[in-house]
Amino acid sequence: MYSYSLVQWLFFFYLYCFMGWCVESVWVSVRKRHLTNRGFLRGPFLPIYGSGAMMMLVASMPFRDSIVLTYLSGCVGATLLEYVTGVVMEKLFKVRYWDYSRKKFNFQGHICLTTTISWGFLTILMTEILHVPVEKFVFSIPGTALNILTFILTVGIVVDFTLSFKAAVDLRELLIKMEQAKEELLHIQKRLEAIIAAANHGMENYKEAFVESVNNIRAVRMEDVVTGIESRLDSLKQAAQSKSSAYLESVKEEIFELKTKYVINLEVRRYLGGLKDIIQRNLIRDNPNMTSERFQEDLDELKQKASEKKPK
């Protein structure tokens, strides 16, 4: 059984957060061929690894004499932690920082069988090999020095987490606003379709086209929405120039209003997609596997912007 003080447990947590960051950052940097700071925080810490290490140690405590039960406890404990963390983060931020959807035997994309199997072996590695020298190292640090160091780390990580949490919440709001602007643009497109239909075939077609605009808000890509609005504005302009239409004259102000809304919403969305916040830019760039079920198109646009070397 492990018998540690609260300060020692905290220091173990921070140490494994740092070790996890080193391993993953080196691995991703080699794969991407450029230096990458992995993780949710700005500093060299990955809380998911620290939490996983703590879970492995705690879950395996009652089974130290059985390597099989140690393996199974690691599989169950770490998988539960990964699942709960993934679900909570997606609910809070509307994005996934990891996604196993493309792997076989996954559950909701948050966990998968291969990772669960790996957690078990990592638990054995942790409890039987890695934690032994780490424990000796922590025990060798004088109590006062350990208290001071742990306090400094706690303050730094709390500040880092607060800033990173705010950036993730702001990113969520950014994605929501981008989607709202897109929805408004699609609504404008459908309104223009309705006006064209009413001008050519009567008001009944106007009503049918307007109903369709409510049912298909997320069915079109952003670039198709912009192209659609431009083409419909051109069609209305040509129709107004080619023939005299009492109906088109009666909705002239509405068309002008829709065109103004189009310009404003398009500019708003382009501004939002400019990703001016450097912390948000780093958050997206350092998590290239980030996905979002609802905002994937918007997130892809931000990923492309984040990959640019300098903000425009």
Side-chain angles (χ1 to χ4, degrees), residues 13-14 16-52 81-102 108-110 153-182 222 268-312:
F13 172 74
Y14 299 149
Y16 285 121
C17 285
F18 174 70
M19 293 169 66
W21 175 86
C22 290
V23 172
E24 183 152 339
S25 293
V26 168
W27 171 250
V28 174
S29 296
V30 170
R31 290 180 59 192
K32 299 292 182 180
R33 297 184 179 180
H34 63 81
L35 187 62
T36 302
N37 173 30
R38 291 288 288 139
F40 181 75
L41 303 181
R42 299 299 87 215
F45 299 96
L46 276 174
I48 188 62
Y49 281 89
S51 301
L81 174 66
E82 186 175 37
Y83 178 76
V84 171
T85 302
V87 170
V88 171
M89 291 187 74
E90 185 174 17
K91 290 291 184 182
L92 282 174
F93 307 127
K94 306 303 180 186
V95 297
R96 295 185 178 190
Y97 285 82
W98 64 87
D99 189 0
Y100 300 129
S101 298
R102 295 183 180 180
Q108 299 179 354
H110 295 297
L153 287 172
T154 299
V155 172
I157 290 176
V158 167
V159 171
D160 192 344
F161 179 83
T162 302
L163 294 175
S164 298
F165 186 89
K166 182 180 183 303
V169 171
D170 290 344
L171 176 59
R172 178 193 67 187
E173 297 304 314
L174 179 61
L175 291 170
I176 291 174
K177 289 178 181 179
M178 289 179 69
E179 189 69 8
Q180 288 174 342
K182 177 186 173 182
M222 180 62 194
V268 166
R269 199 177 190 284
R270 286 174 175 169
Y271 174 80
L272 293 172
L275 204 61
K276 306 298 182 182
D277 191 303
I278 188 63
I279 298 179
Q280 291 177 4
R281 179 182 289 268
N282 290 337
L283 183 64
I284 295 172
R285 186 174 58 237
D286 295 340
N287 293 276
N289 296 327
M290 188 187 295
T291 62
S292 175
E293 182 177 353
R294 180 180 175 187
F295 305 111
Q296 190 60 50
E297 183 186 9
D298 306 306
L299 184 58
D300 287 339
E301 185 176 329
L302 294 179
K303 282 184 178 182
Q304 179 62 36
K305 193 66 180 179
S307 66
E308 298 175 1
K309 292 184 177 179
K310 293 182 179 180
K312 291 183 179 180

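Nothing fancy with the numbering, it's 1 onward along the sequence. Values below: every heavy atom of this structure, side chains too, minus hydrogens, waters and symmetry copies.
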task = Tell me, with the steps shown, if Met178 and Leu302 meet side-chain contact (heavy atoms from CB on, under 4.5 Å).
result = CA-CA 10 Å; Met178 289 179 69; Leu302 294 179; 3.9 Å; yes
task = Kindly determine whether Asp170 and Gln280 satisfy side-chain contact (heavy atoms from CB on, under 4.5 Å), including the steps that lead there.
result = CA-CA 8 Å; Asp170 290 344; Gln280 291 177 4; 3.0 Å; yes
task = Given side-chain contact (heavy atoms from CB on, under 4.5 Å), test Glu297 with Glu179 step by step and report yes or no.
result = CA-CA 9 Å; Glu297 183 186 9; Glu179 189 69 8; 5.6 Å; no
ask   = When you look at Leu283 and Tyr97, which way does the side-chain contact (heavy atoms from CB on, under 4.5 Å) test go after all the steps?
value = CA-CA 10 Å; Leu283 183 64; Tyr97 285 82; 3.6 Å; yes
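From Ser292, atom OG reaches atom CG of Asp298 across 8.0 Å, with rounding to the nearest 0.5 Å. The structure places CZ of Arg96 at 4.0 Å from NE2 of His110, a figure rounded to the nearest 0.5 Å. The structure places CH2 of Trp21 at 12.5 Å from OH of Tyr49, a figure rounded to the nearest 0.5 Å. One distance of note links OG of Ser164 with CG of Asn282; it measures 10.0 Å at 0.5 Å rounding.
Tyr16 places none of its side-chain heavy atoms less than 4.5 Å from the side chain of Ser51. Two residues are said to be in side-chain contact when any heavy atoms from C-beta on lie closer than 4.5 Å; Leu171 and Phe295 fail this criterion. Side-chain contact between Arg42 and Leu163: absent, with no pair of heavy atoms (C-beta onward) separated by less than 4.5 Å.
Taking the salt bridge (Lys or Arg N to Asp or Glu O under 4.0 Å) definition, one finds that Glu173 meets it with nothing, sequence neighbours left out. Every residue meeting the side chain to side chain contact (heavy atoms under 4.5 Å, CB included) condition with Val169, not counting sequence neighbours, appears here in chain and number order: Phe93, Phe165, Arg172. Lys303 meets the salt bridge (Lys or Arg N to Asp or Glu O under 4.0 Å) test with no other residue; sequence neighbours excluded.
Taking a 6.0 Å sphere around CD of Glu293, one finds it holds 12 or fewer heavy atoms contributed by other residues, nucleotides or ligands.
For the pair Asp160 (side chain) and Gly43 (backbone), a donor-acceptor distance under 3.5 Å is present. A donor-acceptor pair is defined here as one N or O able to donate and one able to accept, closer than 3.5 Å; no such pair exists between the side chain of Arg294 and the backbone of Ile176.
Heavy-atom minimum distance, Thr162 versus Val158: OG1-O, 2.7 Å. Residue Leu41 comes nearest to Pro47 through the heavy atom pair CD1-CG, 3.7 Å, listed as atom of the first residue, atom of the second, then distance. Nearest approach of Ser101 to Gly109, heavy atoms of both residues: OG-CA, 3.6 Å. Residues Lys177 and Leu272 come closest through the heavy atom pair CB-CD1, 3.6 Å. For Cys17 against Gly50, the heavy-atom pair with the smallest separation is SG-CA, 3.6 Å.
Under the 3.5 Å distance criterion, with hydrogens and angles disregarded, a donor-acceptor pair is assigned to the side chains of Asp300 and Gln296.
A salt bridge does not link Glu301 to Lys182: none of the charged side-chain nitrogens sits closer than 4.0 Å to a carboxylate oxygen.
Screening Gln304, Lys94, Met290 for a side chain to side chain contact (heavy atoms under 4.5 Å, CB included) involving Leu299 leaves a single residue, Met290.
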